[in-house]
Amino acid sequence: MHDTRFNPIKADAKWQAAWEKAAIFATPAADDPRPKSYVLEMFPYPSGRIHIGHVRNYTMGDVLARFRTMTGHAVLHPMGWDAFGMPAENAAMEKGVHPGTWTRANIAAMKAQLLRLGLAIDWSREFATCDAAYYGHEQAMFLDMFDAGIVYRKESAVNWDPVDRTVLANEQVIDGRGWRSGALVERKKLNQYFLRITDFAEELLTGLGELDKWPDKVRLMQENWIGKSEGLIANFHLVGSEQGVEVFTTRPDTIYGASFLAIAADHPLAQSLAANAPELATFIDQCKQGGTTAAELETAEKLGFNTGLSVQHPLDPDWHLPVWVANFVLMDYGTGAVFGCPAHDQRDLDFARKYGLPVRRVVADGDATDADFDGDIAFTGAGAIVNSHWMDGMSVAAAKAAIIARAEHDGWGHAKVQYRLRDWGISRQRYWGTPIPIIHCDSCGVVGVPRDQLPVVLPEDVDFATPGNPLDRHPTWRDTNCPKCQGPARRETDTLDTFADSSWYFIRFASQPDNAPFNRAEAESWLPVGQYIGGIEHAILHLLYARFWTRALHRMGKISITEPFAALFTQGMVTHETYRDAAGNWLSPEEVRDANGVLTSLDGGAVTRGRVEKMSKSKKNVVDPDGIIDQYGADAVRWFMLSDSPPERDLLWTESGIEGCWRFVQRLWRLFDAAAEKGDGARDVALDKACHRAIAGVAADIESLTFNKAVAKIYELVNAIEKSRAPASRHDAISILPRLISPMLPHLAEEGWQALGGSGLVAEQSWPDHDPAMLVDDDVTIAVQINGKLRDTITLPRDASREVAQAAALANTRVQTAIAGANPKKIIVVPGRLVNIVV
RNA sequence: GCGGACGUGGCGGAAUCGGUAGACGCAGCGGACUUAAAAUCCGUUUUCCCAAGGAAGUGCGGGUUCGAGUCCCGCCGUCCGCACCA
């Protein structure tokens, strides 16, 4: 039986079965002598269906994993599921299905979709983070961190929905109301667990320096997020009191320019004053009401309340500064109090102008040195210190050092490194997450669950009909005995933030013993991840938490690596045009007809073409992976995912684009089909060279993840093969193709390999060798320029000397005509490249 | 406001070190095959004057250089991150 076209439905299933039977994607043993290559794509949340963005992500990882195998590496390429999270609980509330049931069904459906892509994944290492066999080990690590002091418990304010009786994330609070219940959200203080990530701030920051295979953009984002700044903590004495107010400043050099002290609305001093001052209490409430969106902050007016108190200037006890409560001072950064130096800080200046406070210049702006500061734009640049007594004439940097030394000597302040990064609050008042393995005992307090009682398993018999955390109202699950005194005690009912689950899954993929989170030697044989691929949306949280978790394990002596991901690649999104009908409703691509660029709906109505946007259900511009694999097969879809756009940029999905990929797959198949005949006779040196260039070039492009360029090189080679009339060279080139395309078009490659009589599976073959001598041409085309403008090209032997090149250029008829007998002023010869004649 | 990236044909993009701009794909145009369609194949496609042959051209304006898409300075535009962080 012989098909006239490549039939992907048959071929995909056939080769996927063959790969599975031969178990060729099984992870080699940890002591495999080949160099290790751990290729990992960010594991998906099992939301229900695979999204085209996943297809792009996993195709890229797959190409690299397959290529690394072909180039002699021992490859680890696993897949799993980030399976805890709120959508499962929402489904439980909306559809009455248990979160576990919903999640498992989604995993099954999505795995079936992924299998259709023919990914070279070792599925034997698959796990879901909602498996007790996974989260039990996470609980053990949590307890290790608890014992090591990396976990601590603190009372902290949360967004509390009084109707749903649950804590809400900031994103779930809309206009001050719960997104589901619509109830006014309350600020409530709860005891919560925190991971001491701020203890790691400095090493997380300096560690970025060694991540030279990460995008600069991501490193910069993390650097900004950690937000290191250096300055002074200064104590200002309250007049007529024993108390002081501590402020943090990065500009201690401007201390002689201070004109007021401002404290946050929830600063303890403001709170205690408000107890006896109703007007202040009202003002504090007003401060809290302000919105926190970017736009609101942009336009927010500076508001202040004069407390009537004053403080002494630390360098002059007779100089008193008023103490204000101000809405622009944040309690959770620094000390929640600042000294205002209006001349050299824009916010302070806005505030001072509004409330008529003094504005005193202490840094010279060029020639401007007068103490009386003019205008409404603060001077924040560098300059000589002025109007500052003993510091006059110093540079800003010198003055900073001098003041800090003075403060430390006199005892009213000290140097301080401040980070923007906060500790990671990991308590969630939710069911579908890893239970925090803690027991509360009235006599012994907070006690860790003994290791031999792990995992603390989520109860299955829960109901979501009533609001609140089902663990809290479960009839028996909470009740337990204290491991210390054996008396009656209660389990912690909070669960861990799901970001904890994704902070170590890459270690578990590398090593998964039953009795421990990982086997150290085995994990270290694979780690760090050689290439990590995922979306830019995880640039901060996930990647920072995973770096932190790894360093926490390192600090506790559990692992030797400090950075989990040696190389990171952030791929772009898949986008599509959007369409709307006359009424403004979104239409899906299937609901739109295109007749010579004129768009109409199926019933003939006018349709407008909208912007190209990320595929999303709400805009109906999604393309379902199953549908396109049905239509074109896995290889054409994979090819499209790699073509045209550089992988870090967005990829525009188009019908004509995928059809082009389909045509190319068929074109290759025809080549394989016809090549069974023996190739004898004439050789075509140009094609032979093109073949070697493609082998080297495609390899380099896959290594550097510039798949779009690898694709272009394969097109070039195929074009060259089709043009060539030399059977022997054609046959050799076609014989190379299956291996060359195998990482990208694995099913078609197997067909080709089989058609050409190869033994075994092409996926197991080595990457073809190339002859470096074939990469260079004997003759090269040299540009001939006059005054830098191209006039002609000449062909010379590759190793032609400068003199020969110059002579050949001067002898060129177009050059002769152009210079018309004039004497060249200068001749630049770049051997093998060009000759430039300056006249 | 602060920080960053980017700007090349009708479109996605290529040009690795400062050295022949537009590889490769898509779309378009012309043709072949066919009763017809699909499929396939051949040719063509930066712009302008066009017969050959020129001229211009990588957001805009300058600069460095024998030579600039690439380096420097200043604009304009688009996108992204953070944001009252002291």
Side-chain angles (χ1 to χ4, degrees), chain A residues 4-5 215-218 220-225 227-229 231-232 247-252 254 262 264 290 292-294 296-298 300-302 326-330 332-341 344-348 350-351 380 418-421 536-537 539-540 597 612 639-640 643-646 648-652 654-661 663-664 666-667 670 697 700-701 704 706 708-719 722 781-793 814 824-830 832-839:
Chain A
T4 52
R5 302 184 94 194
D216 290 342
K217 181 190 169 99
V218 175
L220 191 72
M221 281 165 72
Q222 292 214 352
E223 189 181 320
N224 291 339
W225 187 263
K228 179 180 184 175
S229 51
L232 169 74
V247 305
F248 172 69
T249 178
T250 56
R251 292 296 303 274
T254 64
T292 52
T293 66
E296 283 168 319
L297 288 176
E298 185 91 17
E301 201 185 348
K302 301 279 177 289
N327 67 340
F328 66 90
V329 181
L330 307 174
D332 49 6
Y333 183 79
T335 61
V338 299
F339 78 76
C341 177
H344 306 292
D345 182 283
Q346 192 58 49
R347 289 158 312 177
D348 295 348
D350 294 346
F351 191 77
T380 54
Q418 181 71 43
Y419 298 93
R420 212 186 66 99
L421 185 69
I536 186 76
E537 66 274 19
I540 296 174
V612 168
W639 190 248
F640 186 90
S643 301
D644 288 353
S645 286
E648 70 278 8
R649 276 194 229 170
D650 289 351
L651 173 68
L652 176 63
T654 61
E655 202 63 30
S656 52
I658 182 67
E659 273 164 15
C661 294
R663 281 199 300 271
F664 183 64
Q666 294 298 344
R667 227 173 115 194
R670 284 194 301 273
D701 287 336
S704 63
T706 47
N708 57 320
K709 295 201 268 174
V711 164
K713 289 192 172 93
I714 288 173
Y715 273 115
E716 269 180 288
L717 177 61
V718 170
N719 289 345
E722 288 178 342
T781 308
I782 287 182
V784 179
Q785 300 179 332
I786 293 174
N787 293 338
K789 280 194 199 303
L790 183 71
R791 287 295 134 164
D792 205 354
T793 56
R814 290 204 193 154
K825 277 190 206 148
K826 193 174 178 183
I827 301 177
I828 286 102
V829 181
V830 182
R833 281 254 172 214
L834 60 74
V835 178
N836 186 14
I837 299 162
V838 186
V839 293

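In what follows, chains carry the letters A, B, and so on, assigned in the order in which the sequence lines appear, proteins first and then strands, with residues in each chain numbered from 1.
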Distance, [atom1] atom - from [M] to [N], rounded to whole angstrom:
N      : M      : atom1 : result
U16(B) : C6(B)  : P     : 15 Å
U34(B) : C24(B) : C1'   : 31 Å
C60(B) : U8(B)  : C1'   : 15 Å
A37(B) : C48(B) : C1'   : 40 Å
C29(B) : G67(B) : C1'   : 37 Å
C11(B) : G22(B) : C1'   : 13 Å
A36(B) : A52(B) : P     : 35 Å
U20(B) : U58(B) : C1'   : 15 Å

Given protein heavy atoms under 4.0 Å, the one-letter contact record of nucleotides 47-53 of chain B, with B base, S sugar-phosphate only and - none, is simply -------

Whether each nucleotide of nucleotides 24-33 of chain B has a protein heavy atom under 4.0 Å at its base (B), only at its sugar-phosphate (S) or at neither (-) is summarised, 5' to 3', as SSSS------

Could you go through nucleotides 79-82 of chain B and list every protein N or O atom that sits under 3.5 Å from one of its N or O atoms, giving the distance for each pair?
residue, atom, partner, partner atom, Å
C80(B), O2', K217(A), NZ, 2.9

Residues passing the ring-ring contact (aromatic ring centres under 6.0 Å, His included) test with Y419(A), sequence neighbours excluded, are none

Sequence neighbours excluded, the answer for ring-ring contact (aromatic ring centres under 6.0 Å, His included) partners of F640(A) is W653(A)

Round to the nearest Å and state the distance from [X] atom [atom1] to [N] atom [atom2].
X       : N      : atom1 : atom2 : result
L220(A) : C2(B)  : CG    : C1'   : 11 Å
K302(A) : A83(B) : NZ    : P     : 16 Å
D332(A) : A86(B) : CG    : C1'   : 13 Å
Q785(A) : G19(B) : CD    : P     : 11 Å
F328(A) : A86(B) : CZ    : C1'   : 8 Å
Q346(A) : A83(B) : CD    : C1'   : 15 Å
I837(A) : U20(B) : CD1   : P     : 16 Å
L834(A) : G18(B) : CG    : P     : 15 Å

Sorted by chain and number, sequence neighbours left out, side chain to side chain donor-acceptor pair (under 3.5 Å) with R347(A) holds for D345(A)

Pairing partner of C2(B), by Watson-Crick or G-U wobble and under 3.5 Å for both distances, is G81(B)

Applying the 3.5 Å cut-off to both distances, the Watson-Crick or G-U partner of C11(B) turns out to be G25(B)

Within-4.5 Å side-chain heavy-atom neighbours: D350(A) and F328(A) = no

Any donor-acceptor N/O pair, [X] side chain to [Y] backbone, under 3.5 Å:
X       : Y       : value
T250(A) : G231(A) : no
D792(A) : V784(A) : no
N787(A) : V839(A) : yes

Check every strand shown and say whether [X] touches a base, only sugar-phosphate, or nothing at a heavy-atom separation below 4.0 Å.
X       : result
V329(A) : base
N708(A) : sugar-phosphate
T781(A) : base
V830(A) : base
N836(A) : base

Looking at every non-hydrogen atom in both residues, tell me the closest pair between [X] and [Y] and how far apart they are.
X       : Y       : answer
A539(A) : M221(A) : CB-CE, 3.6 Å
Y715(A) : G660(A) : OH-O, 4.4 Å
V247(A) : T335(A) : CA-OG1, 3.3 Å
T793(A) : A783(A) : CG2-CA, 4.3 Å

Base orientation of G30(B), chi within 90° of 0 counted as syn, else anti, reads anti

With syn meaning chi within 90° of zero and anything else anti, the base of C17(B) is syn

| Is there a donor in the side chain of S229(A) and an acceptor in the side chain of Y333(A), or the other way round, less than 3.5 Å apart? | yes

I want to check a possible cation-pi pair here: K302(A) against F351(A), using under 6.0 Å from ring centre and within 45° of the ring axis as the test.
no

Interatomic distance, CD1@I714(A) vs CG@N719(A), rounded to 0.5 Å, equals 12.0 Å

Of the listed A55(B), C84(B), A14(B), the closest approach to the R791(A) side chain comes from A55(B)

- Query: Do any side-chain nitrogens or oxygens of R833(A) fall under 4.0 Å of OP1 or OP2 in G67(B)?
  - Reply: no

Per nearest nucleotide of RNA chain B, the residue lying toward the 5' end, R251(A) or S645(A), is S645(A)

